Amino acid sequence: MTPPTPAARIADLRRQLEDANYRYHVLDEPSIPDAEYDRLLRALDELEAAHPDLVTADSPTQRVGNAPAGKFAEVRHAIPMLSLGNAFSDEEVQDFVRRIADKLKRPSLRFSAEPKLDGLAISLRYENGAFVQGATRGDGATGEDVTLNLRTIKAIPLTLRGTGWPAVLEVRGEVYMPRADFEKYNEHARKHGGKVLANPRNGAAGSLRQLDPRITAQRPLAFFAYGTGLVEGGELPDSHSATLKQLRGWGFPVSSLSEVVDGVDGLLAYYRRIGDARDGLAFDIDGVVYKLDDGDGQREMGFVSRAPRWAIAHKFPAQEQMTVLESIEVNVGRTGAVTPWALMQPVHVGGVTVTRATLHNADQVARLDVRNGDTVIVRRAGDVIPEVVGVVPERRPAGTVPWQMPTQCPVCGSEIVREEGEAVWRCSGELTCPAQRKESIIHFASRRAMDIEGLGERFVEDLSDLDIVQHVADLYRLTVDDLLEMKRRVDERDGTTPETVKAGKVATKWAENLIEAIDRSRQTTLERFLFGLGIQHVGESTAKALAVWFGDLQLIRRLPWPLFKRVPDIGGEVARSLGHFLDQPGNQQAIDDLLARGVVIGDTHPPSGKLRAGLDLATLLVDLEIPKVTRVRAEQLASAFPSVQALLDAPVHNFVTAGLPSDSANAFAAWLEDEANAQLLSRSGAALETLLEVTPEDVATATGPLDGKTVVLTGGLAAMSRDEAGEKLEALGAKVAGSVSKKTHLVVAGEAAGSKLAKAQELGIEIWDEAQLLAFLEKHGSGA
DNA sequence: GATCCTCGAGTTCA
DNA sequence: CTCGAGGATC
């Protein structure tokens, strides 16, 4: 066999590469690994470099992009790129179908339906099977010549496959950026300080309009064909669905979601089907498109101005909108966290009118570089909470400056500070700041804390603003008269007509109800009480752990912080925060006040026997986080000294004789020098003794059918709330977690379960539906 | 020190 | 729901 000529080898490599592209982008069946593709491409590149005369424009090597063009040339579309009429409701779709049925006098109509991608419409021109020019839609009549950029998109064939194509063929379709690639691209950009794309659509549009095709080549763009323009020297099938099939045969990617459906019912069913699948698709869509399938019908229907009468876009409610940001304001939370949020001109997104959206923190504002007056993109996707995803830089008014975090709290004027290495800025006013006081009372009254029904944000705001309630304990002093007085002063302040007068007599029922609710809340549990105090880092689950492990408020109140680390999932940070809270006399006073005003903790019990495992001197020394005192050193000290007192009394050299190296011994001695540390050690030693006395030896481990199992609840349940289901599962020994991970044993998926269910399926975790859950609960004696 | 998981905190609208 | 960060684990 004679060795192949360079020309033959080049042709072979090109064929292999284009074949791989076709399989990957059109058939969606990758045939060779990426590395192999790269290897072939490099081989071709080398051959072409050695034989420059053999380089052609349609070679796959030319996809990497050439040097920048000055600007885009204009391209006049031989056949205008039309726009589509829109339908936003089922009625509009019915009208559309009726119009066609009336005009064509046909009883039944067949449509081709396809998803409407949220990308950029383009037109591709092929002459004798070779890609020669590509253009953006522009105004429909004239677009921009982006041929070089389009060449870099591997999903666009440079030469047509198969046979029978017209001498001149224009193909229309959508360039888009797949979601996963968009995420990956942004993640990379964030890490390397590059420019973050606002959304896949902007990403696609921006990428195509790069003057330097080498930049476009690096963007993960894809393409779907959905129609044709000019056709000369050949024929296309006479129905839309057959045309799509033909395009696919010639090497164009066509959405696999395209379907032929009959009548209005078929269209609307398709709409719902795609709508349900929307969040799980690999790309963003903003609706679906219906086209009368047969060519005769299309020709007879014709056009209105610049849109065909035989096609319509049925839109989904928009998940993203543009609007103008009027100003960036800040909010002060319970912990003093100062969070910026955007006040925007009202805009309709995802079915509701949005005027405000969180900006999370100062870093986020800087990352997006949003400024007052900017036009911004707001998203309200599957989640409910609106979010500013990006700025439209072209619309930025002149003279704006980057936003800056205020230096003083807008509510109390205290300095706003940021801990080293932290993202959040905080108002340093603590409980002198009315905003923080107010928020902490709202937290205290909330459902998951003390659960004072009817005491919401509004009342707390009034009570706090009028100085009727300053601390949580003040709530338990309130009388009906206080509340009526508050109402009177609020009416006076706002100039509103008092409802009390309108009714002709004094309306007091609401006040009585509220006082009653406050009274009911007096009877509570340790976990709710601890959570309600609003201690930093002590949320629901930490509060619960503390309640379970220590069981007694009075015990917890006097423990020094290192002992809290004996509870699983409580580490240095959380323990210190709790200790710091308890060290403040004001907080202890507040607890006393609450108890004095009748708050009763109903579930007091001795500490868990499991505590004993870590109650020894060595562990205590480790927990104290003394510099250079590791586990090993702590063990040495503990075996050499019988008690904390002995340690406190010992001279430095005794630490050395105990076996400590001199640097450890010195560090420990230096630590003890500090009076506060010595006292902490002494207090901790005493607390340790007390705990050993009150903690039962026996570790009573209740056994349930779900012992040691981690369960995640997702979606809505019909028979009970998720919280109730969680309690029942916990009663059977399960640990109820909030998110699915490898450690999850079981996921209970209710109605409309979302990402968690998907993740569970991905990880192959056992999944139950509500019926299975109910059957299980029934079987184990805790049915609904 | 890196990595995985979980918790805490803040958040919108009707 | 999402982000950031604390805790556990290797």
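All values reported here derive from a predicted model rather than from experimental measurement.
In the region residues 371-378 of chain A, proximity to DNA chain C at under 4.0 angstrom, judged on heavy atoms, holds for none of the residues. At a non-hydrogen distance threshold of 4.0 Å, A:E573, A:V574 from residues 573-582 of chain A come into contact with DNA chain C.
Along DNA chain B, the nucleotide closest to A:T355 and the one closest to A:G333 are compared, and the more 5′ of them pairs with A:G333. Comparing A:R356 and A:G336 by the nucleotide of DNA chain B that holds the closest heavy atom to each, the one mapping nearer the 5' end is A:G336.
Of the side-chain N and O atoms in A:K735, one or more sit less than 4.0 angstrom from OP1 or OP2 of B:dC7. Under 4.0 angstrom from either OP1 or OP2 of B:dG8 there lies at least one side-chain N or O belonging to A:T542. For A:N361 and C:dC3, the shortest distance from a side-chain N or O to OP1 or OP2 is not below 4.0 Å. When the side-chain nitrogen and oxygen atoms of A:T339 are compared with OP1 and OP2 of B:dT11, one or more of them lie within a distance under 4.0 Å. Taking side-chain N and O atoms only, A:S541 has a distance below 4.0 Å to OP1 or OP2 of B:dG8.
Contact check on A:D363 versus A:R418 returns a salt bridge, with a Lys/Arg side-chain nitrogen under 4.0 Å from an Asp/Glu carboxylate oxygen. A salt bridge between A:R272 and A:D90 is present, with a side-chain N of the basic residue lying under 4.0 Å from a carboxylate O of the acidic one. For the pair A:R631 and A:E635, the salt-bridge criterion is met [side-chain N within less than 4.0 Å of a carboxylate O]. With respect to A:E415 and A:R426, no salt bridge is recorded, no charged nitrogen being found less than 4.0 Å from a carboxylate O. Salt bridge annotation for A:E766-A:K709: absent, with no cationic side-chain nitrogen under 4.0 angstrom from a carboxylate oxygen. The residues A:D284 and A:R201 are annotated as not salt-bridged, no charged nitrogen and carboxylate oxygen being separated by less than 4.0 angstrom.
Put simply, CE on A:M344 is 10 Å from C1' on B:dT12, counting in whole angstrom units. Across the protein-nucleic acid pair, A:E457 atom CD and B:dT12 atom C1' stand 11 Å apart, rounded to whole Å. Atom pair A:K743:NZ and B:dT3:P shows a separation of 16 Å (rounding to whole Å applied). Rounded to an integer number of Å, the gap from A:R458 CZ to B:dC13 C1' is 17 Å. The interatomic distance linking A:H348 (NE2) with B:dC13 (C1') rounds to 12 Å, in whole Å. Going from atom CD of A:E387 over to atom C1' of C:dC3 covers 10 Å, rounded to whole Å. In this structure, NE2 of A:H537 is placed 7 Å from P of B:dA9, rounded to the nearest angstrom. Between A:H360 atom NE2 and B:dT12 atom C1' there is a gap of 12 Å when expressed in whole angstrom units.
Cation-pi check for A:R371 over A:W403 is not met; the charged atom does not lie both under 6.0 angstrom from the ring centroid and within 45 degrees of its normal.
Defined by atom type and a distance below 3.5 Å, a donor-acceptor pair is present between the side-chain atoms of A:Q588 and A:R557.
Residue A:E540 is classed as a sugar-phosphate contact, given heavy-atom separations below 4.0 Å to backbone atoms only. Residue contacts for A:V424: at a heavy-atom cut-off of 4.0 Å it reaches no nucleic acid atom on any strand shown.
Among residues two or more places apart in sequence or in another chain, the side chain to side chain donor-acceptor pair (under 3.5 Å) test is passed with A:S327 by A:E329.
Ring orientation note: the planes of A:W768 and A:F776 are tilted relative to one another, at an angle of 30° to 60°.
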